[in-house]
Amino acid sequence: MLIFITLIYFFANMQKVLVPGATFDEIQQLFDVDASAVSNTGAIFLCVYAISQLAVGVMADRFGGAKVIVWGGLIFCIGSVLSGVPGSFMLLCVSRFLTGLGAAAIYLSMIKEIARISGSALPLFLGIAMIVGYSGAIAGASPFIAGVKHLGYSKMMLITGGVTAAVYAGFLLSALKNQFPAVRKEVTFSISSYLNVFKRRHNIALLAVCGLNFGVYFALQSIIGKKFLQDFCSMSETASGAVLTVTMLIAAFNGFILANLSRWAGNRRKIFLQCGSLECLVGAGLIVGALIFDIRQPVLAVTGMILLAFGGNVTPIFVSLVKETNEENRFGTVLCVGNFFSYSVTAGFGCVLGKLMDIYPPQKIDGISVYSRNSYLLVFAVLIPLLAISMFCALKLRESYGKDIDVR
């Protein structure tokens with residue numbers, strides 16, 4: 001059952017980067033819409049994904065992860081298939097809403113199931129699951145882009161949705177053979193359970209560090225990164241897709257590597273989160289520097305995106321520190337608030353970046369809108385203050401050394 005859950009997580013990560021990240025130009029040409037409309041398709045997915053985390057975390061604590069995936073996986077499959085059905089732009093938006101709603105049930109539920117069986121080996125087990133899951137986003141970069149060039153947008157999306165449905169069917173068959181954990185009736189839905197997360201300043205700092213770093217990195221990965229490399233650095237579609245593949249590979253394996261480094265370093269957590277914040281801040285600074293000085297050779301921009309990939313995914317360290325600084329019955333709730341914040345940053349960025357880009361009208365070249373240096377400077381200038389806040393909060397974190405500690 002865990003194997004099938006992890007495979008569903010693979011496809012959930014793939015869907016996060018397909019629209020509009022890997023298919024920005026295809027959607028713009030297919031529906032004849034501006035950059036704001038295209039980026040909003042990603043924002044719809046991420047907004048509903050983020051908001052749903054608040055419910056999913058409590059549901060996973062109360063009912064268990066597998067039960068939540070039963071209904072969430074079904075909605076996810078429906079949305080995935082509809083994303084490839086030819087039709088109106090409105091149908092695409094509806095399909096992304098359903099896909100985001102279903103995908104929201106997968107991540108936290110998977111963590112809940114892994115935490116139930118892994119004990120102190122949680123960072124290592126979670127690191128392995130992250131590699132499998134993030135491989136979905138890797139497949140959604142260069143391989144998917146190549147498939148779209150040969151088969152077209154709709155066929156590739158329908159094939160992806162069909163395979164996802166087959167994996168979900170395998171999960172259902174395996175889940176029915178397992179005994180679901182008993183319902184924890186003491187876990188209830190209440191506003192106070194969410195507000196209690198913020199009563200601890202350490203939680204606020206921890207959520208800010210991981211939420212801002214991941215949110216900025218994933219906005220580049222899933223929404224604007226490929227388009228930026230094509231427009232500003234004049235990279236080909238294949239080359240820019242390859243960069244996204246490399247950055248996702250880094251993010252996938254970085255979590256696993258950090259889990260092992262943390263164990264070898266005496267289960268230290270804080271230093272890795274601080275290094276992640278520094279990497280993200282320097283990476284964004286390189287991109288902004290390239291824009292300010294109009295350095296269009298890809299080396300600075302690509303290096304910046306690589307540093308953001310290293311700092312953006314520290315999930316095993318984050319989850320471990322959440323577990324070690326909060327009560328067990330609050331674990332899922334803190335995680336869901338953290339995941340909500342992370343994807344809210346990306347979704348919020350997606351909502352505004354299209355409007356910022358359209359302030360300076362694009363040029364039409366061979367039917368494709370190409371945006372200017374000024375458009376991207378407006379977009380990336382927003383990142384620096386966010387990442388500076390993350391760096392400040394990282395300095396306020398407490399070290400746990402792998403043990404449960406009381407923090408306020």
Side-chain angles (χ1 to χ4, degrees), residues 7-33 35 37-46 49 73 75-103 106 132-170 218 221-227 229-230 235-249 252 350 366-369:
L7 289 175
I8 295 173
Y9 180 55
F10 169 94
F11 285 104
N13 275 286
M14 179 185 284
Q15 287 290 341
K16 290 174 189 175
V17 302
L18 295 187
V19 180
T23 56
F24 197 105
D25 288 335
E26 285 78 11
I27 293 172
Q28 197 165 33
Q29 287 181 298
L30 188 62
F31 297 104
D32 192 25
V33 291
V38 177
S39 63
N40 281 342
T41 61
I44 289 170
F45 179 102
L46 292 168
Y49 185 95
I75 296 174
F76 177 63
C77 289
I78 294 172
S80 298
V81 173
L82 282 179
S83 294
V85 174
S88 65
F89 185 72
M90 181 59 67
L91 177 61
L92 177 63
C93 292
V94 171
S95 71
R96 299 319 291 169
F97 177 92
L98 293 174
T99 309
L101 181 63
I106 311 302
V132 176
Y134 274 69
S135 296
I138 295 168
S142 291
F144 190 87
I145 291 169
V148 169
K149 290 182 71 173
H150 286 86
L151 299 177
Y153 168 83
S154 293
K155 284 185 179 179
M156 280 300 297
M157 293 296 288
L158 286 171
I159 290 171
T160 302
V163 177
T164 303
V167 172
Y168 173 71
F218 201 68
Q221 186 72 36
S222 63
I223 300 177
I224 196 63
K226 174 174 172 282
K227 182 66 173 170
L229 292 174
Q230 289 178 255
M235 294 181 69
S236 67
E237 187 172 15
T238 301
S240 58
V243 172
L244 295 189
T245 301
V246 169
T247 54
M248 189 54 73
L249 275 169
D366 296 329
I368 296 175
S369 297

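Throughout, numbering of the chain's residues begins at 1 and tracks the sequence.
The shortest distance between side-chain heavy atoms of Tyr153 and Leu30 falls below 4.5 Å. Thr160 is listed as a side-chain neighbour of Phe144, based on a closest heavy-atom distance under 4.5 Å. No side-chain heavy atom of Ser95 sits less than 4.5 Å from a side-chain heavy atom of Leu98. With contacts defined as side-chain heavy-atom distances shorter than 4.5 Å, the pair Met157/Val19 qualifies. Side-chain contact between Thr238 and Lys149: present, with at least one pair of heavy atoms (C-beta onward) separated by less than 4.5 Å.
Using a distance-only test at 3.5 Å, with no hydrogens or angles considered, no donor-acceptor pair links the side chain of Ser135 to the main chain of Ile138. The backbone N or O of Cys77 lies less than 3.5 Å from no partner atom in the side chain of Thr164, so there is not a single donor-acceptor pair. Not a single donor-acceptor pair under 3.5 Å links the side chain of Ser80 to the backbone N or O of Gly161. Between the side chain of Thr245 and the main chain of Gly241, a donor-acceptor pair closer than 3.5 Å is present.
What you find for Met14 and Ala139 is that their closest heavy atoms are CE-CB, 3.5 Å. Contact record, Ser236 with Gln230: O-CG, 4.2 Å, taken as the closest heavy-atom pair. Minimum interatomic distance between Val81 and Leu158 (heavy atoms only, all atoms of both residues): O-CD2, 3.5 Å. Nearest heavy atoms, Ser369 versus Gln28: OG-NE2, 3.7 Å. Nearest heavy-atom pair, Val17 versus Met248, reported as atom, atom and distance to 0.1 Å: CG1-CE, 4.3 Å. Looking at every heavy atom in both residues, Ala103 comes nearest to Phe45 through CB-CZ, 4.0 Å.
The environment of CZ in Phe97 is sparse: at most 12 heavy-atom neighbours from other residues, nucleotides or ligands sit within 6.0 Å.
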Task: Residues Ser83, Thr99; criterion side-chain contact (heavy atoms from CB on, under 4.5 Å); working and verdict - done: CA-CA 8 Å; Ser83 294; Thr99 309; 3.7 Å; yes

Please assess Phe218 against Leu46 for the test side-chain contact (heavy atoms from CB on, under 4.5 Å), listing each intermediate value before the final yes or no. CA-CA 10 Å; Phe218 201 68; Leu46 292 168; 4.2 Å; yes

Going through the distances and angles, do Lys226 and Ile145 end up as a side-chain contact (heavy atoms from CB on, under 4.5 Å)? CA-CA 11 Å; Lys226 174 174 172 282; Ile145 291 169; 3.5 Å; yes

- List the steps and the verdict of side-chain contact (heavy atoms from CB on, under 4.5 Å) for Ile27 and Phe89. CA-CA 9 Å; Ile27 293 172; Phe89 185 72; 4.3 Å; yes

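Interatomic distance, Lys227 NZ to Glu237 CD, rounded to the nearest 0.5 Å: 10.0 Å. For the atom pair OG1 of Thr41 and CZ of Phe24, the computed distance is 8.0 Å after rounding to the nearest 0.5 Å. How far CD of Gln221 is from CG of Asn13: 10.0 Å, rounded to the nearest 0.5 Å.
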